[in-house]
Protein chains: 2
Amino acid sequence: MPRTVLDRDDAVRALAGVFRRRGFESGSLSVIQQETGIGRGSLYHFFPDGKADMARAVLAQVRGWFDEQVFEPLRTAGDAGEAVARMTQVVEEYFVSRDRVCLFAAMTLGEEQETFAREVRAYFADWVGVLTETLHRGGISGPDAADLAVDAVAAIQGGLIMTRALDDDAVFTGIVARTGRRLHAVLS
Amino acid sequence: MPRTVLDRDDAVRALAGVFRRRGFESGSLSVIQQETGIGRGSLYHFFPDGKADMARAVLAQVRGWFDEQVFEPLRTAGDAGEAVARMTQVVEEYFVSRDRVCLFAAMTLGEEQETFAREVRAYFADWVGVLTETLHRGGISGPDAADLAVDAVAAIQGGLIMTRALDDDAVFTGIVARTGRRLHAVLS
DNA sequence: GTCAGTCTGTACCAATTGGTTCAGATTGTA
DNA sequence: TACAATCTGAACCAATTGGTACAGACTGAC
């Protein structure tokens, strides 16, 4: 069996794929090996604390992407309308290209809920928080901004469920587009 | 060990609870026995085809509840506005009192996605369908009704994710209330 | 070339998994 | 009471699980 060398980031990326397609529990180490080619020795080398360690690394990587591509652009945007339009666009592309699964949302179910509660809570709280601030900067005042932000993130997450259930990407892209339009309307 | 006799419906109800709290995969037969008191012999007596059979029975029971309490009242309502208000109310109570988990949504993730694809698809398609018809009867025409219906169900599902992630029922009740108001506004 | 550090494949392990089996307990009917 | 049908507990099983250990392969620095 020829040996394959890889780096940790690539391992995390491959793990993310398995967890999206299979779920965390059903993504056993054997399945991970079959689908990614990464063996047990390598997995434990990179993630000495085992499977939860792997999931934590995956969540951290996804979080890093969102910080860079969603949260930071919202935070530093000059124009709220443009920032929101960009957010809906990158988020739509991200999820459509990744099995229509949000791993943070998946971790709110079953036994993972407790294990990753802090990471999950931070992700959603930060997303809603930074979007609320963006709406504030765009002239939406008081509790309205927070409600709109919560509703927008909920719509995106609910859209993912609907699109998987109905097996139709157009459901998600439709929901995201209408969400974007709703936000755009109040920013004008 | 004194023997306990139960009926199938009660077994299904207990299983639903385990699957909500633990997830389907992590809800092993041992965990089911510990948390429900139902032993292996009984489980296989009622569900001869094993674990998938159990999940199928649970989904059928939940589906039955939705048919009776949500879909049928929407279908037969004289007043669309009242029907929609009632729907949001019963749905909110239902989910808040059941671990804030929609089992149909949970089955859109991981390996269960394929196993229960038909049941899941039917549940969401029917919910959206009957809500669309209700909106039609309330005077909303063309594609708007279907979009509003999809968005409403997505909001409810997304609200469940947010409320679990932020561990705060008020998030869900807020989202459901605003969703209800949005629908009510277009029906007036 | 040598050596230390990094990474890999694979053998091994205890525990758990879903499933099978069936004797015995329980219930309902005549 | 007798009997058939229904339900249960628990022993048993093969397969799989996550984890451990480590020899050997590989890489980079000197």
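A, B, ... follow the sequence lines: proteins, then strands. Residue 1 opens every chain.
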Q: Summarise how protein sits on nucleotides 17-22 of chain D as a single string, 5' to 3': B when a protein heavy atom is under 4.0 Å from the base, S for sugar-phosphate-only contact, - for no contact.
A: SBBB--
Q. For dT8(C), does either OP1 or OP2 sit under 4.0 Å from a side-chain N or O belonging to His45(A)?
A. no
Q: Send over the distance from Asp10(A) CG to dT8(C) P, rounded to a whole Å.
A: 11 Å
**Q.** Whole-Å gap separating P (dT20(C)) and CG (Leu43(B))
**A.** 13 Å
(Q) Whole angstroms only, please: what is the CD-P distance between Gln33(B) and dA11(D)? (A) 11 Å
**Q.** Residue among Tyr123(B), Phe66(B), Phe95(B) satisfying ring-ring contact (aromatic ring centres under 6.0 Å, His included) with Phe104(B)
**A.** Tyr123(B)
Q: Would you check if there is a donor-acceptor pair between the side chains of Gln113(A) and Thr108(A) at a distance under 3.5 Å?
A: no
**Q.** Glu93(A) side, atom CD; Arg98(A) side, atom CZ - distance, nearest 0.5 Å
**A.** 10.0 Å
Q.
Rounding to an integer number of Å, can you tell me how far Gln34(B) CD sits from dG18(C) C1'?
A. 15 Å
Q | Within-4.5 Å side-chain heavy-atom neighbours: Leu103(B) and Val101(B) | A | yes
Q) In whole angstrom, what separates Phe46(A)'s CZ from dC7(C)'s C1'? A) 7 Å
Q) What is the distance, rounded to the nearest whole Å, between atom CG of Asp7(A) and atom P of dT27(D)? A) 14 Å
Q. Between Thr163(A) and Gly159(A), is there a donor-acceptor pair closer than 3.5 Å when you use the side chain of the first and the backbone of the second?
A. no
Q. Which pair of non-hydrogen atoms, one from Ala152(B) and one from Leu131(B), has the smallest distance, and what is that distance?
A. CB-CD2, 4.0 Å
(Q) Measure CD1/Ile38(B) against C1'/dT8(D) and give the value in whole Å, please. (A) 12 Å
